[in-house]
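In the text below, chain A, chain B and the rest are named by the order of the sequence lines, each starting its count at 1. Note that the structure is a prediction, hence the values are computed from the model and not measured.
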Amino acid sequence: MSTTIIRNGRVIDPANKRDEIADLYIADRKIAGSKSGAREKFTRRGGKSDVEEIDAKGLIVAPGLIDMHVHLREPGFSHKETIESGARAAAAGGFTTIVCMPNTSPAADDPSTIAWIKDRAAQVACVNVLPAGAISKGLAGEELAPIGSLAKAGVVAITDDGHCIQNHEVMRRAVEYARMVDLPVLDHCQDYNLVGNGVVHEGYWSTLLGSPGWPAAGEEAIVMRNILLAELCDHPIHCQHLTTAGSVRLLREARRRGVKISGEVCPHHIALTDEAIQNFDTNYKMNPPLRSQTDVDALLEGIADGTLAILCSDHAPHAEFEKEVEFDVAPFGIIGLETELGLFIDRLVHKHAKIDIVRLIEMCTIEPARLLKLDAGTLSPGVRGDVTLIDPALKWTVSVDQFQSVSRNSPFNGWKLKGRAVRTIVAGKTVWKL
Amino acid sequence: MKQAKQKRSGAAVPIMDAEAIRGALRRIAHEIVERNPELIHVVLAGIPSRGVEIAQRVAAFIHEIEKVNVETGVIDVAMHRDDVGTRSELPIVRESKLPLPLEERTVIVVDDVLYTGRTVRAAMDAINSFGRPARIQLAVLIDRGHRELPIRPDYVGKNLPTSGSEKVRVQLEQTDRGPDEVRLEKQ
Amino acid sequence: MTTRWTRKDLLGLRELSADEINFILETADAFKQVGTREIKKVPSLRGKTLVNFFVEPSTRTRTSFELAALRLSADVINISATTSSLTKGETLKDTARNLEALHADILVLRHGSAGAPQFLANRLKASVINAGDGAHEHPTQALLDLYTIREKRGQIAGLRVAIIGDILFSRVARSNIFGLLKLGARVTLVGPSTLVPREFEKLGVEVSYKIDEVLPKADVVNLLRIQHERQRREYFPGISEYIRFFGLTKERAKLLKADCLIMHPGPINRGVEIDSEVADGLHSVILDQVTNGLAVRMAILYLCGGIST
């Protein structure tokens, strides 16, 4: 039985309301009881006794972080990323659990594809990979996917991410059905008619450059739809990668009334604005797009007051030759797992001081765990030994060439950030360290 | 663009003052009148920038002498240079003006300094695109030698032997807004 | 004397200074004169290869660039989207790289995607000239428009210029806005509100939906071609309604000041954005624009193509 002792770190475990300097023990792949203050000799029972001691002085010891919005691209697009490489990228970013999106090829709209993903992850992934299933067949937005069977196959949520069901009636039935099997519904909020062939935020910069605009109303219209349906069906709907001031306002008002609606934010939507697109660099092209400073300010407020409770990356790898094309034609998306935590700590905690590190950790642990009903995101005794060690003061420079991800489509190369995961432990085993 | 430091004064030798320049241009005017009995066919075509002022001043002298208004023009050579694309800086192009047709004309190319001859070759190229004059002649204020092409002047203000490391500086009242003078600078 | 020009590419007017724009116009003066010579040819780009790469088709602009290049003694090749390997799935970058391997010195690109010329300019040693990229910029058109105004009115500062039509999707409008504002003109945009959103005011121009109020004050009227193809059906109801509200009919032309200039980038839709008689009338400088286009393009090719790399 192997044992890991993490000594002298600041243990932050929001689920158990802990924030104290203490030692943390992991035994037999699970969190064991931990003692604060005095050191105690831990009794070893039977068998081999290999004890790993990790000095966490000056570091934060947090439950393994969860990223519920990641594209692993397998099956079908392994030139962009694989389950194996994506998992390594997650580990390098400090994440021990990731939820992968279903817009693969074939789409994850069938139990056999889910089984393949889970199988593959069990063989090669160094972190926990939880699949999300599709809402509609082929993500086409017309017929329901076999949601019940997907639940049985082990998906943690359903989403058509990458696409959005336009027919509100179809979405309504999907939400009602998901309620039956108690699956959370996640939605990429995009009204295809309002958005058209928009590639950048509709505003000053799209007007100046003559690029087709993606208006904020295109996201807000669907957020509003989801609020109505969450109420109508009495079932949680989670709005993915929100970007606009209007979305935040709608969410705030609805949550105040007790509607089961939630939202998440990606780091690029608070670290960049639409001004960044003026050189037509495709590393700034993503869906939904970068927005104006007003929207960024509203997102920061939404994070500060708890309206937006979950953080994630929307890690979207693309091969270099796919992104090295004209802006209009390039695929949407950037990678994000390996810069996510650094950006969030640097911007939310240090630069804008909107939340403290404890709340940040909550937004990456108990918040997603609660939404998806996961047995993760805590350091309670008996749970799987997933731990992330964080140095909130570590200054580092992003170097894309050293990433674990197969792809390199990131706009953050060269950025100087303060705050980083320094060690990632899954089931007691260190899967990555700085 | 940084330039190498040059030794100031002491290294600049005056060659011609305003009086000398005036005298030279008047003499050139006389020579042109002598060699061209039908002044009405003559065009004094100056190469920008200083050639243009010299052409106008020579035309003024001819008017003094013969009471005839000789036509003047401008030949931009920048477009016709044979070294476009090989120099790190591009020469500025200007509008050319020549009275047409050129068929019976004597075009006298006018410039301040004749050196390698390449500028004059470009000027002849430019003239050819306007038409085919009866003859082309060349008038220069200074001939400093070192020809690289078989070109010779018809009218010279002053012959000035120089070495490759020296620079001939011409200053004219209108073009340079300073007193007329010619200086030789060692580098 | 040497140049104040240091750019190997011309991608748009937004990044040029007023100084640079004026320098181009002055250089164009010199090249306009070449068109009046008996031998309309100068050797400035002799031995250089220019490729007209028109992914989006155009006859007028392409012909203008071709003629400009020939007058500068360059060798010219014309490639269109259909004749190029783009149809076989080759990326734009690879197609351009292949052209560079053939020692193309200057690439004139017209493309449907905003930013395509910049994309190539960043990756190629050749000079890239933007002949129109999506709705973004069409710098040589705006430059010839500025040249024409300057030729007829002396200077641009202080003039009131009205640009009329489908502004939202117009690269000609954008380049003109950038150039005119830099040179000190006052710009008013006119057209249906769906095609001239108020957001444009943030660029420093006025927006009006009442053409009859704008025309009497204008020194220059620049008309854009209006089309009612499928993509625009949501933006305005039809040609006859457009004419009623925004067409430069001969009645409306009576509102113009005596010395007002009427311009149009072409090709003209007679009877739509402009009445046939007005297009041929006294105010119109549309044909001057074409002649000036040649001079301006010669200037650009000389400046960008003449720099040694």
Short side-chain donor-acceptor distance under 3.5 Å, C:D133 and C:Q118: no
Under 6.0 Å between ring centres: does that hold for C:H136 and A:F280? yes
Carboxylate-amine/guanidinium proximity below 4.0 Å for A:E326 and C:K93: no
Return yes if some donor-acceptor pair links the side-chain N/O of A:D281 with the main-chain N/O of A:N283 below 3.5 Å, else return no. yes
When the 4.5 angstrom heavy-atom criterion is applied to A:S211 and chain C, the contacting part is side chain
Most chain C-contacting option - heavy-atom pairs closer than 4.5 Å, from A:V329, A:V325, A:L208: A:L208
Using 0.5 Å steps for rounding, measure from the CD1 atom of C:I300 to the CG atom of C:D9. 11.0 Å
Determine the minimum heavy-atom distance between A:G141 and A:S136, stating which atoms define it. N-OG, 2.9 Å
Within residues 197-208 of chain C, the residues sitting under 4.5 Å from chain A by heavy atom, in sequence order, are C:E199, C:F200, C:K202, C:L203
Could you check whether A:E81 and A:S85, counting side-chain N and O atoms only, form a donor-acceptor pair closer than 3.5 Å? yes
Which portion of C:R171 sits near chain A, non-hydrogen atoms under 4.5 angstrom: neither
Hey, is the main chain of A:R73 close enough, under 3.5 Å, to the side chain of A:H71 for a donor-acceptor pair? no
Name the region of A:E202, side chain, backbone, both or neither, that has any atom closer than 4.5 Å to a heavy atom of chain C. neither
